[in-house]
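These notes are about the structure you will find just below.
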Amino acid sequence: MFINNFKYSFLTLFRNKALIFWTFAFPIVLVTFFNLAFSDIEDSEKLSIIDIAIVDNEEFRANDVMKEAFNTLSDVNNSGQLFNTKYVSLDDAKILLDDKGIDGYLLIENNNPKIIVTTSGINQTIFKSVTDEIMETSKVIENLVIMKLEKNESTTINYEQIYHEALEKINNQVVNIVDESSTNLSYMMIEFYTLIAMTCLYGGVLGLVSINNSLANMSTKGMRVSIAPINKGKIILSSLFASYIIQLMGLLILFLYTTFIIKVDYGSNLLLIILLVLCSALAGLSLGVVIGTLIKANDNTKTGILISITMLASFLSGMMGVSMKYIIDKNMPIINKLNPASMITDGFYSLYYYDGLDRYFINIISLLVFALLMIIISYNGLRRQKYDSI
Amino acid sequence: MTVFKTFLKVLNKCKAPIIMYTVFLIGFGGFNMQTTDTSTSFTASKPDILIINNDVDYGITKGLIDYIEENSNIVDIENNEDAIADALFYRDINYLIEIPSNYRNDFLNGKNPAIYVKGTGDYEAAYAEMLINRYMRVANIYNDVISNENELVNKLSDTLSHKIEVEVTSKLDTNTLSKSTFYYNFASYSLLAGAIYVICLVLSSFQQEKIRKRIIISSMNYKKHNRILLLSNGLFAIGLWLLYVILSIILLGDIMFTLTGLIYIVNSLLFTFTALTIAFFISNLVNNKDAINGVVNVVALGSSFLCGAFVPAEWLPKSVLSAARVLPSYWYINTNDIVKTLEVINLDTLKPVIINMLVLILFSTIFIILSNIVSKRKRKIA
């Protein structure tokens, strides 16, 4: 009986085109859109070479420190290249700035260097900061020379030599900074994790339809099943099992697609990923079953409620803006502790970013507790179902 | 009147998604509208930095911290490893600076001690590193020649206080303008999704076979019937557009009453018309109510993601943007993006805007023609 009902539940669900579209195709479509839209965001945040111009007038040519420094910083062969510098006339610089060919230009006039930009921004800030630094270098050299002169009591002073010594000293300074940054810092991954979470929760619609197909007040199929002299537990369990298998099939396709085509990074521990997916799918299914059991309404309303819950949960876990999850985690952690989409997202996040597994297992346990709770509630609901003859 | 009443009846049934799209618009539009500094003078970008100081709080250590604080936003994060790791991942901070104990002593003894940092790898982090470099580089040099620590710190801050003058040429209020552009770009999703969803659902209700047969044998002239239907749909689309314009006036304020605001409004009206024709076209293709739901999401979300309604177009890959040219949303959003940067509004600078608008009209015409071709083929029922 179990196998028989499993087989037919499977076929019924699988032939429901709308259902398969939403659980199989829609996540793939959405993930493709995500990938197209988000793939360049993080790259655009990396420090790239800044286009600037310098007004090539007499005063600039006379300023050795500036000339030398910008030359080094604009050198294509220098690994620390920061600028792509054009040396132009004032009029050309203005035109370049207006046409957005450059972020800003440097003008030295009456011994007073000035930077001209159209708006404030990070590139402009860096341009300004570097120019400040170059001016500081002149100041430092000046100070060093003065100090040297104060100490030096002999009458023969070699300015040239002192100047070069000071410049050398500055250029050879290495500040000891130890960079311990993590390499897995791609926050856009969260978008893809929330999408997996959404798919898992949305898979609950399969459980919901299965329940509807077994309830006499929901469908004609349910009526027929209800009057059949067989164990109701077996019926429900086998159709839910069929839903679970279909849900996992959809997730498998989504995973293959995201891993091999979109190149989403789920971390390297395959077994833990599979465990997380199994628990997540179960949590989603149990959510659908609860809605199917507890709410007395037609199919569309139930699906609508499930979608709304899924969307809200995904929103809170960061699908429409990654920072949302962080804001909630930081200020109202209880909400995301109760939100299955956040548990799933956070599970993937901990595999991707964290070294230890504590956080991962907390999420796994939360998901299992959530699923268990939902199953107990629906069990109580289903057990008491009685239908009057009308 | 009967037709219009029926239209309203069906419309009433699908108010939930319309409310949802509107809430999205207000939610995301509003979310992005926190006020920031609107001055047109130069404001340096400041990276968000967390400093963990395990050393003393005076002397050179304090000097470094003061310098960093002056040039960045110091973020206060709970001092536990997970909270800091999360803050870095979600870019709540761009840079973490950890000053080890005994830093000051080691520095004064000329050992050039290490500073431990963690960054996010973006330009803010790069800038933060530049700040440390700047301070410590000069500090190291002075350390060799100045033996008194107080004198050293004072000399340092004196050297580093020299700032170049920066002149900002643009007098645009970029802040309000980018808010308006974001709102109207996002509105393209709400308008498109709302129009397609409602119009397809209404028309499919009228096209169910039994109902269609009944309509055909009724005494009402089919031309009149179609005209009323068309008018009601147009009225609905205008209503939706008006709603979003009024919302924009509430959310954005005075800017909507300027010439720039007018361009946003006219542009969105044109786009509403295009959305209407797209909706007609789709409703001619698809009659199944389940399928409509899928089509709405794929078309509206697709257009919005690929053309820059959610993620600004400047951040999209070039290949995506060039492919997006086949979608009307691209031209609508492009106009909004151009308006954002217009310094002077005259016939010359408006040229690209006018071209974009003409493209939208062209799209509408194409969709009307396509709808006619499809509906002609579908007219016969057995």
Side-chain angles (χ1 to χ4, degrees), chain A residues 17-18 21-22 26 29-30 33-34 36-41 44-47 97 112-122 124-126 128-129 131-133 135-136 139-140 143-144 147 169-170 173 175-182 185 187 304 320-323 325-326 329 353-354 359, chain B residues 16 28 31 42-45 82 85-86 88-92 112-124 126-127 129-130 132-134 136-138 140-141 145 155 159-160 162-170 174 290-291 293-294 297-298 301-302 305-306 310-311 315-317 320:
Chain A
K17 280 193 200 110
F21 172 81
W22 287 108
F26 186 64
V29 171
L30 208 56
F33 288 155
F34 276 11
L36 289 174
F38 299 148
S39 55
D40 262 15
I41 289 189
S44 70
E45 286 173 351
K46 292 220 166 65
L47 186 64
L97 190 64
N112 182 27
K114 196 162 91 175
I115 285 176
I116 294 97
V117 296
T118 43
T119 55
S120 310
I122 184 76
Q124 288 79 355
T125 304
I126 289 176
K128 173 186 182 297
S129 175
T131 317
D132 279 343
E133 196 175 342
M135 284 162 65
E136 278 157 31
K139 181 82 186 166
V140 170
N143 281 339
L144 285 180
M147 277 183 261
K169 209 169 189 178
I170 290 174
Q173 273 304 321
V175 177
N176 191 352
I177 296 179
V178 180
D179 196 334
E180 298 177 316
S181 307
S182 162
L185 274 167
Y187 62 90
M320 287 81 170
V322 174
S323 44
K325 177 170 179 294
Y326 180 68
D329 278 348
Y353 184 56
Y354 274 79
R359 188 161 173 162
Chain B
F28 285 95
F31 192 63
F42 186 77
T43 38
S45 303
D82 280 11
D86 285 351
L88 270 169
F89 188 87
Y90 291 105
R91 310 303 192 259
D92 196 17
N112 196 11
I115 295 179
Y116 298 90
V117 300
K118 279 183 184 173
T120 44
D122 46 20
Y123 38 63
E124 265 110 350
Y127 179 55
E129 192 178 318
M130 282 167 77
I132 304 184
N133 252 317
R134 247 173 97 179
M136 291 317 298
R137 189 182 66 125
V138 182
N140 281 340
I141 294 169
V145 285
K155 198 94 187 167
T159 307
L160 295 173
H162 287 265
K163 297 263 159 74
I164 194 170
E165 186 189 333
V166 181
E167 187 185 314
V168 178
T169 55
S170 171
T174 42
D290 281 336
N293 229 326
N297 276 289
V298 173
L301 283 176
F305 268 117
L306 301 187
F310 301 147
V311 179
W315 290 349
L316 291 176
V320 171

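In the text below, chain A, chain B and the rest are named by the order of the sequence lines, each starting its count at 1. Both backbone and side-chain heavy atoms feed into the values below; hydrogens, waters and symmetry mates do not.
The nearest pair of heavy atoms linking A:K114 to B:I164 is N-CD1, 4.0 Å. The two residues A:W22 and B:N297 come nearest to each other via the heavy atoms CH2-ND2, 3.3 Å. Nearest heavy atom pair, residue B:A85 against residue A:Y354, reads CB-OH, 4.1 Å. The two residues A:D179 and B:K118 come nearest to each other via the heavy atoms OD1-CA, 4.4 Å. Shown here for B:W315 and A:D40, the closest heavy-atom pair between the two residues is O-CB, 3.3 Å. For the pair A:A37 and B:V311, the tightest heavy-atom approach, listed with the atom from each and the gap, is O-CG1, 3.9 Å.
If you take CD on B:E167 and CD1 on A:I115, they are separated by 11.5 Å, rounding to the nearest 0.5 Å. Atom CG of A:N176 sits about 9.0 Å away from atom CG of B:N140, to the nearest 0.5 Å. Put simply, CG on B:L160 and CD on A:E133 are 9.0 Å apart, with the number rounded to the nearest 0.5 Å. Rounding to the nearest 0.5 Å gives a distance of 8.5 Å between CD1 of A:I126 and CD of B:E124.
The side-chain heavy atoms of B:L301 and A:F26, taken from C-beta on, include a pair separated by under 4.5 Å. Side chains of B:Y123 and A:T125 form no contact here, defined as non-hydrogen atoms less than 4.5 Å apart.
Ranking B:M136, B:E165, B:K155 against chain A, the residue ahead of the rest is B:E165, based on heavy-atom pairs under 4.5 Å. For the set B:G119, B:A126, B:G121, the entry with the most heavy-atom pairs within less than 4.5 Å of chain A is B:G119. Note: B:T159 leads B:T159, B:N293, B:I132, B:L316 in heavy-atom pairs under 4.5 Å with chain A. The candidate with the highest count of non-hydrogen atom pairs below 4.5 Å against chain B, out of A:V322, A:N143, A:T119, is A:N143. Of the listed residues (B:Y116, B:F89, B:Y90), the greatest number of heavy-atom pairs within a distance under 4.5 Å of chain A belongs to B:F89. Counting heavy-atom pairs closer than 4.5 Å to chain B, the top-ranked of the candidates A:I177, A:L144, A:D329 is A:I177. Interface remark: of the candidates B:V298, B:L306, B:I141, B:L88, B:I141 forms the most heavy-atom pairs closer than 4.5 Å to chain A. Ranking A:G321, A:S182, A:G304, A:P113 against chain B, the residue ahead of the rest is A:P113, based on heavy-atom pairs under 4.5 Å.
The aromatic rings of B:F305 and A:F38 sit perpendicular to each other, their planes meeting at more than 60°, with 30° as the lower class boundary.
Only the side chain of A:T131 comes within less than 4.5 Å of a heavy atom in chain B; its backbone stays farther off. For a residue to count as touching a neighbouring chain, one of its non-hydrogen atoms must lie under 4.5 Å from one of that chain's; by this rule B:V145 touches chain A with backbone and side chain alike. Both the backbone and the side chain of B:V166 have a heavy atom closer than 4.5 Å to some heavy atom of chain A. Of the two parts of A:K17, neither the backbone nor the side chain holds a non-hydrogen atom closer than 4.5 Å to a non-hydrogen atom of chain B.
With sequence neighbours excluded, the residues satisfying salt bridge (charged side-chain N to carboxylate O under 4.0 Å, His left out) with A:K128 are A:D132. Not counting sequence neighbours, A:Y187 has no partner by the ring-ring contact (aromatic ring centres under 6.0 Å, His included) test.
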Decide yes or no on side chain to side chain contact (heavy atoms under 4.5 Å, CB included) for B:R91 and A:Y326, but give the supporting numbers first.
CA-CA 10 Å; B:R91 310 303 192 259; A:Y326 180 68; over 6 Å; no
